[in-house]
J.: 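Below you'll find the structure I mean.
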Number of protein chains: 2
Amino acid sequence: MAEYRQATVFDVAKEAGVSTATVSNVLNRRDVPLSEKTIRKVEEAAAKLGYRRNVMAASLSRRKTYEVGLLLPGFVGYYGLFAQQMERTAHKYGYHLSVFSTDMDSKVERRLLEKLLERRVDGLFCHGLAMSGDSARKVVNDGTPILFFNCWNELKHLAIGTVNLNVYQACVDAVVHLHEQGCRSFFYYGNKRAFATNEQRIHGFREGLRLTGGKHPADMIDVEDIAADDLAEWLAERSEDATPAGVMCFDDWKAFVCQNRLIEGGYDVPGRFKVVGINNEFVAGHSYPGITSFNVPYEHQADMSFRWMLTHLGEQAKLEAKGERPFSPPVAGGEVKIPLTLVERLSSR
Amino acid sequence: MAEYRQATVFDVAKEAGVSTATVSNVLNRRDVPLSEKTIRKVEEAAAKLGYRRNVMAASLSRRKTYEVGLLLPGFVGYYGLFAQQMERTAHKYGYHLSVFSTDMDSKVERRLLEKLLERRVDGLFCHGLAMSGDSARKVVNDGTPILFFNCWNELKHLAIGTVNLNVYQACVDAVVHLHEQGCRSFFYYGNKRAFATNEQRIHGFREGLRLTGGKHPADMIDVEDIAADDLAEWLAERSEDATPAGVMCFDDWKAFVCQNRLIEGGYDVPGRFKVVGINNEFVAGHSYPGITSFNVPYEHQADMSFRWMLTHLGEQAKLEAKGERPFSPPVAGGEVKIPLTLVERLSSR
DNA sequence: TTGTATGCGTTATCAG
DNA sequence: CTGATAACGCATACAA
């Protein structure tokens, strides 16, 4: 198919015997009145020529791209599922989502951010930016609105708002749950490198300890400090045989590793140790024993995020036309908390 | 930041006291000669104004986007890792990759394909298209080159080529390996809905049986026919206690489910059953017992794909300038086979 | 209801 | 080495 030039509005106009303006009007179904006849003529011409709109030209002319960007640390696990949902939601609202993974690398992050801004995306969603607030501010020096996910630190000031999974509350609930299941010593198995979101979990964990009476033995572990191979022994040394010990983990993958290393070490789960994760990924439901976890309401999370963004882009009118109640965003820099729900499985029974 | 108009080449030109053409020349470092002085002037002006190139305008003018699209069934597991590698490789070759997940839905697939073509991507990578060859042909009626991944069916004719993981050989190797480990009955636990790629595995499985002497008991199972909860019992009934039975699984996730259901049912892995997966995902390495699997050389796979695509886009010159040997693609409709390598773990020892 | 003319921000082709 | 200027393909006031 050498050099098959794509048909343009001009070609369609000529074929249909109308002007390019009319073609554009027909194809974009605007509020202007059009005669049935011209509509048919144009549509037939377009179909015949295999016309396909050139998004770049359209965006350039309209000065709006209907594209929003999503920056993620990666695609695996939770992030992948989240990205898929965001794509669906974007489409539902007539937008196009460009997803990029930063590989947890601030250089890559910076480059992708730049790329997205060069594309003149209408808005930006960022999940777990590694770069500093200052760097980010320097890169995003235009008016492009940004929404952050799971962000509790300085970056908040850059954003029109943040949407956070309530991992704090999840950890509170987890400790309470473990206590109810008979645990009398507690561990948090975390991930320093996740920064603020790890801190949130720790606060929740502590609050859970407080709520369950105060003085049970408890300790923190981090993947950076204890090799997975030593984990089981480490936990066993610091807990007694008489009552089960509860291990609250950063996420399902940490829980998975933790649980398997315990089993490998010959410790009974959930008899001797009870394990809880977060995110309720596939691995949690299909392990043996199944891993107790917290479910993420992806659809709700994505919907909140988009409605907030669209409100900020001045698209309330469209939302309301679709029968949506206008979504009034919190004050600038405000935060939406998405609640997680406990899913009990064998690992904590 | 209300209405902060982005600086244009025109603004930069004015600021630097040169013409827009010169600005463009400086910023794109073309082969034209430029004086050091103007280069500095332009660069300073651009920096001062916070100039950011408008990709749409550039692509429109250049009639080339330097963007390629990747269509995937989803982002989870293997696909997510593959997407991340493809992004890296795209960048390495100066391209920009837009990744979309089709949710395994041919409607979504069609829409995304359309979107990508509307964006005038230079090329297209498709992994596991659900739509028929005819539908695809109708959508892709322009000259946009397409490369398929893991495709053994009719769609091949649409493409400039295909890059396939050699799952056939992996299954052959797996059966041989299981046989060496003492297995004397064999099962394949598959996934009909994956069509051709499932067939490939089955062929490999059969060939493996043939190579290992022919007449060992063997059987096929499919996730659609046997509920996971019944799997262990089903396998136990059809195999004898005296020698271990080997279960070759569609991928690591199937292997994971299979192994855990067996353990849950009280069967010893790897004593009574040995399990093998494909893809060597995180879950395989961190299960207990660790799951024997086949490693995917993501980087090589992505590199082969891109070099093939770029050759087709007439970019050999650039590749060679970078010191790459020119990659001569197979004949049109040809196939590149990517070998998988066995990773032995406890599940098959 | 339809057509004309102009702008969107770059790149590229020529002359100077 | 540098500067006008014409595309690129579409959308949209403004006229008709």
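Naming: A, B, ... by sequence-line order, numbering from 1 per chain.
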J.: Which ones in residues 41-48 of chain B lie close to DNA chain D, meaning a heavy atom under 4.0 Å from one of its atoms?
T.: none
J.: Look at the aromatic rings of A:F82 and A:F149 and report parallel, tilted or perpendicular, splitting at 30° and 60°.
T.: perpendicular
J.: Please assess B:L113 against B:L124 for the test side chain to side chain contact (heavy atoms under 4.5 Å, CB included), listing each intermediate value before the final yes or no.
T.: CA-CA 9 Å; B:L113 208 46; B:L124 231 29; 3.7 Å; yes
J.: Can you list every pair that meets ring-ring contact (aromatic ring centres under 6.0 Å, His included) and has a residue in residues 46-69 of chain A, with sequence neighbours left out?
T.: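 Checked against ring-ring contact (aromatic ring centres under 6.0 Å, His included) - neighbours excluded - the pairs reaching residues 46-69 of chain A are A:Y66-A:Y95.
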J.: Could you run through nucleotides 6-14 of chain D and give me one letter per nucleotide, 5' to 3': B if any protein heavy atom sits under 4.0 Å from the base, S if only the sugar-phosphate is that close, - if neither?
T.: -BBBBBB--
J.: Over 60° means perpendicular and under 30° means parallel, so classify the ring planes of B:H127 and B:Y79, tilted if in between.
T.: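 Geometry flag for B:H127 against B:Y79: perpendicular rings.
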J.: Kindly give the heavy-atom pair with the smallest separation between B:V121 and B:T65, and that separation in Å.
T.: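 That would be CA-OG1, 3.7 Å.
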J.: The helix from C:dT1-D:dA16 to C:dG16-D:dC1: angle between its terminal axes, five pairs each, to 10°?
T.: 40°
J.: Answer yes or no: is there a side-chain heavy-atom contact under 4.5 Å between B:F100 and B:E109?
T.: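 No, side chains not in contact.
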J.: Determine, stepwise, if the pair B:R111 / A:H91 fulfils side chain to side chain contact (heavy atoms under 4.5 Å, CB included).
T.: CA-CA 10 Å; B:R111 172 166 60 73; A:H91 175 243; 3.0 Å; yes
J.: Before you tell me yes or no, could you show the steps for B:R120 and B:K64 under side chain to side chain contact (heavy atoms under 4.5 Å, CB included), namely the whole-Å CA-CA distance, both residues' side-chain angles and the distance that decides it to 0.1 Å?
T.: CA-CA 8 Å; B:R120 301 291 190 270; B:K64 161 135 180 136; over 6 Å; no
J.: Quick one: how far along DNA chain C does chain A reach, first to last nucleotide 5' to 3', anything under 4.0 Å to a heavy atom?
T.: C:dT1 to C:dG9
J.: Which residue pairs pass the salt bridge (Lys or Arg N to Asp or Glu O under 4.0 Å) test with at least one member in residues 11-24 of chain B, sequence neighbours excluded?
T.: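 Non-adjacent pairs meeting salt bridge (Lys or Arg N to Asp or Glu O under 4.0 Å): B:R5-B:D11, B:E15-B:K48.
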J.: Using a 4.0 Å heavy-atom cut-off, does A:V18 contact any base of the nucleic acid, only the sugar-phosphate backbone, or nothing at all?
T.: sugar-phosphate
J.: As a quick check of understanding, evaluate side chain to side chain donor-acceptor pair (under 3.5 Å) for A:T89 and A:E299, giving each step before the final call.
T.: CA-CA 8 Å; A:T89 304; A:E299 192 171 349; over 6 Å; no
J.: Does the side chain of A:D103 pick up a donor-acceptor pair with the side chain of B:Q84 at under 3.5 Å?
T.: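 Per modelled atom types, A:D103 and B:Q84 side chains form a pair under 3.5 Å.
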J.: For a quick test of reading the model, state the closest non-hydrogen atom pair linking B:G161 to B:L147 and the distance between them.
T.: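 Distance-wise, the nearest heavy atoms are O-CD1, 3.2 Å.
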